[in-house]
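Scroll down for the structure; my scribbles are underneath it.
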Amino acid sequence: MRSTGDGTAVGGPYPLHGGTVEPGPRHGAPAAVGAPQEPGSDHVGYRGPTACAAAGITYRQLDYWARTGLVEPSVRPAYGSGSQRLYSFRDVVVLKIVKRLLDTGVSLQNIRTAVQHLRARGMADLAQMTLMSDGATVYECTSTDEVVDLLQGGQGVFGIAVGVVWRDVESALAKLHGERVDTGETLIGHNPADELARRRNRVG
């Protein structure tokens, strides 16, 4: 997938044109064995502050991206004042990727196209995907050969391994609070520092 200046993406296994995904020839590796699974996607959501902490962004960025439609919460949008947005695990992964793309100077228009593409892909595809960018254009690579081709052509300046981001977010959210979508119950994350404090208190 190559995100161009007019907001479309060409090339790659699934060309994206105007926000729709069209099947195309696969030239990546087969689905990764042991691909990361999306934890609790149907049952657990994360409020804005938790999503910010896991993605490494500010609440102002989160709010702006939601209001402009760049990354909207897929579990529950905000309805008026006082309501809380609720983000899925996958949403938080996308937030973290958007932050990295912005930090390297990729335009919002190209990032918007990349976000649409990421949301349309399956779990196995995301696990083996690497996003490469020269700061202006975003490319999707699903094999080592494609990454090497970009680097040799002088097009790839930095890369984002989506599977690695996925695991980073999973680790961060495991220490933070989630919320059951059906009941609104708060799910307490496991923070090793909290466990250490409890043990010290018991010893004392």
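Heavy atoms only: backbone and side chains are in, while hydrogens, waters and symmetry mates are out. Worth saying up front: this structure is predicted, and the values here are computed from it rather than measured.
Inter-residue side-chain proximity for Leu102 and Leu108 is flagged as met; some heavy-atom pair is nearer than 4.5 Å. Taking 4.5 Å as the limit, some side-chain heavy atom of Asp63 sits within range of a side-chain heavy atom of Arg85. Inter-residue side-chain proximity for Leu176 and Tyr46 is flagged as unmet; no heavy-atom pair is nearer than 4.5 Å. Contact of the Arg47 side chain with the Leu86 side chain is registered, since non-hydrogen atoms from C-beta on lie closer than 4.5 Å. The side-chain heavy atoms of Leu131 and Ile97, taken from C-beta on, include a pair separated by under 4.5 Å. Between Val98 and Trp65, the closest side-chain pair of non-hydrogen atoms falls below 4.5 Å. Residues Tyr87 and Leu95 meet the side-chain proximity criterion, which asks for heavy atoms closer than 4.5 Å. Between Ile57 and Cys52, the closest side-chain pair of non-hydrogen atoms falls below 4.5 Å.
In terms of modelled atom types and a separation under 3.5 Å, the side chain of Asp91 and the main chain of Ser74 share a donor-acceptor contact. With Arg90 contributing its side chain and Leu118 its backbone, the two residues share a donor-acceptor pair below 3.5 Å. The closest donor-acceptor contact from the side chain of Thr68 to the backbone of Tyr64 lies under 3.5 Å. Checking side-chain atoms of Gln152 against main-chain N and O of Asp149 turns up no donor-acceptor pair under 3.5 Å. In terms of modelled atom types and a separation under 3.5 Å, the side chain of Glu146 and the main chain of Thr142 share a donor-acceptor contact.
One finds a salt bridge joining Glu140 and Arg121 here, because a Lys/Arg side-chain nitrogen approaches an Asp/Glu carboxylate oxygen to under 4.0 Å. Ion pairing between a basic and an acidic side chain is recognised when a charged N comes within 4.0 Å of a carboxylate O; Arg76 and Glu179 show such pairing.
How far OG1 of Thr104 is from CZ of Arg100: 10.5 Å, rounded to the nearest 0.5 Å. Of the inter-residue distances, the one linking Met129 atom CE with Trp166 atom CH2 reads 10.5 Å to the nearest 0.5 angstrom. With rounding to the nearest 0.5 angstrom, the CG atom of Leu62 is 10.5 Å from the CZ atom of Arg67. Note: Thr50 OG1 to Lys175 NZ = 14.5 Å, rounded to the nearest 0.5 Å.
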Legend entry - Steps toward side-chain contact (heavy atoms from CB on, under 4.5 Å) verdict (Ile160, Thr130): CA-CA 5 Å; Ile160 300 174; Thr130 298; 5.9 Å; no
Inset, instruction - Apply side-chain contact (heavy atoms from CB on, under 4.5 Å) to the pair Gln61 and Thr58, showing each step before the final yes or no. - result: CA-CA 5 Å; Gln61 287 175 308; Thr58 66; 3.3 Å; yes
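With no hydrogens or angles considered, no side-chain donor-acceptor pair links Ser171 and Asp168 at under 3.5 Å.
Hydrophobic clustering of Ile, Leu, Val, Met, Phe, Trp and Tyr side chains at less than 4.5 Å, counting indirect connections, keeps Val164 apart from Leu151. At a threshold of 4.5 Å between side-chain heavy atoms, the hydrophobic network of Ile, Leu, Val, Met, Phe, Trp and Tyr places Phe158 and Val148 in two separate groups.
For the residue pair Ala54 and Leu173, the shortest heavy atom distance occurs at CB-CD2, 3.6 Å. Nearest heavy atom pair, residue Cys141 against residue Met132, reads SG-CG, 3.7 Å. The minimum heavy-atom distance linking Val92 with Ala55 is given by the pair O-CB, 4.1 Å.
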